[in-house]
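Each remark here refers to the structure printed beneath this line.
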Number of protein chains: 2
Amino acid sequence: MAATTNHELKKVLREHELKATSQRIALLKLLNSTNEHFDAEEIYFELHKQQKNVSRATVYRSLEALVDQQLVSKLDFGDGRMRYERSREDDEHHDHLICEQCGKVIEFFNLEMEAQQLSVCEDHDFIPSTHTMYIFGICAECQALEPVGK
Amino acid sequence: MAATTNHELKKVLREHELKATSQRIALLKLLNSTNEHFDAEEIYFELHKQQKNVSRATVYRSLEALVDQQLVSKLDFGDGRMRYERSREDDEHHDHLICEQCGKVIEFFNLEMEAQQLSVCEDHDFIPSTHTMYIFGICAECQALEPVGK
DNA sequence: TGCGTAAATGAGAATCAGTCTTATCTTCAT
DNA sequence: ATGAAGATAAGACTGATTCTCATTTACGCA
């Protein structure tokens, strides 16, 4: 889903049985253009910077629809608001390292970890649908700035 | 931290540089007496059932203090409110399987998974402090009720 | 054991993310 | 081009959590 032109995005939306409104196109275009993990308010703000005066309610409703259709991923960093990122072409799930100092988000994928998760589910006769895995800590840059050496 | 008497709890609180107020003692005692994952409102309600008329603000503030001192763990199941559980004696971290049908929470611990997490952190020169790992899906009982066979 | 002070609490106002309502537009199949 | 289904704007509303501030309590010290 690397679509970036209005026409392509329109097509993508229709393929997912969503009406191709200008608001949704703007939203998808924004998320497709960045690797940032925006929250709803930031998305609202970014759209307004682009003269796309989408209402807050529409930001939330559109994000919900796009998440349902897996065109967008919803992330919960545990700080009380949800973040959103474009979903990746490959269906490859990735998880996140989150720096508690600077807020940077580092993505990673670890096959062995995914395998272990499946194994745990099997052990408990549990059918997994999704998972969230966030590791909080201090990133390399922040370690350099404020040596935690002690 | 298997303390359960008022005296023991008082000692535990003082060891963590927290004033041993009756509210905090009641709260700790409640969480130590169960394996439930209560949210703040449930805790507020449970305390009132026991004639401990702790205010909501105090429930939140005390929980925060206890979490800071690692006497209590805070869990984010992603449904808009935080849950709290007593922290475990052994430092053994456990993670959660959460049934999307009935809300049941199954705890698990997987050494290999923890090892993989450390390895990921090393790869990224990242110093981990905590992590959250929740697997959402359907538990065995709910599968039996509503066969997902399909 | 009584005191003073820093810390904690209660009550309710305030905040903040997110959802809902309703009247008004758009999209798009026909 | 047209109308029904679906989407939007604006702001009210909700529910969880935090804040404010006046009052109370814990506890180290005299």
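Atoms considered below: every heavy atom in the structure, side chains included; atoms not considered: hydrogens, waters and symmetry mates. Each chain gets a letter, A, B and so on, in the order the sequences are listed, and its residues count up from 1.
Scanning DNA chain D 5' to 3' for nucleotides with an atom closer than 4.0 angstrom to a non-hydrogen atom of chain B gives a first and last hit of D:dA16 to D:dC27.
Going from atom CE of B:Met82 over to atom P of C:dA17 covers 13 Å, rounded to whole Å. Distance A:Ile25 CD1 to C:dC28 C1': 13 Å, rounded to the nearest Å. With rounding to whole Å, A:Ile43 atom CD1 is found 13 Å from C:dG18 atom C1'.
Side-chain contact check for B:Gln117 versus A:Gln116: every heavy-atom pair is 4.5 Å or farther apart. B:Asp123 is not listed as a side-chain neighbour of A:Asn110, based on a closest heavy-atom distance of 4.5 Å or more. Counting heavy atoms from C-beta on, the side chains of A:Leu118 and A:Pro128 come closer than 4.5 Å.
Scanning for ring-ring contact (aromatic ring centres under 6.0 Å, His included) contacts around A:His124 gives an empty result, with sequence neighbours left out.
One finds a side-chain N or O of A:Tyr60 lying less than 4.0 angstrom from the OP1 or OP2 phosphate oxygen of C:dG18.
If you check every strand for non-hydrogen atoms under 4.0 Å, A:Ala20 touches sugar and phosphate atoms only.
A salt bridge links A:Glu46 to A:Lys49: at least one charged side-chain nitrogen sits closer than 4.0 Å to a carboxylate oxygen. With salt bridges taken as basic N to acidic carboxylate O contacts below 4.0 Å, one links A:Glu141 and A:Lys104.
Panel note: side chain B:Glu114, backbone B:Leu111; no donor-acceptor pair is recorded below 3.5 Å. Under the 3.5 Å distance criterion, the side-chain polar atoms of B:His131 are left unmatched by any main-chain donor or acceptor of A:Phe136.
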Between protein and nucleic acid, restricted to nucleotides 8-16 of chain C and to nitrogen or oxygen atoms under 3.5 Å apart, what atom pairs and distances do you find?
from, atom 1, to, atom 2, distance (Å)
C:dA8, OP1, B:Arg24, NH1, 3.2
C:dA8, OP1, B:Arg24, NH2, 3.1
C:dT9, OP1, B:Thr21, OG1, 2.6
C:dT9, O3', B:Gln23, NE2, 2.9
C:dG10, OP1, B:Gln23, NE2, 3.3
C:dG10, OP1, B:Asn53, O, 3.4
C:dG10, OP2, B:Ser55, N, 3.0
C:dG10, OP2, B:Ser55, OG, 3.0
C:dG10, OP2, B:Thr58, OG1, 2.6
C:dG10, N7, B:Arg61, NH2, 2.9
C:dG10, O6, B:Arg61, NH1, 3.2

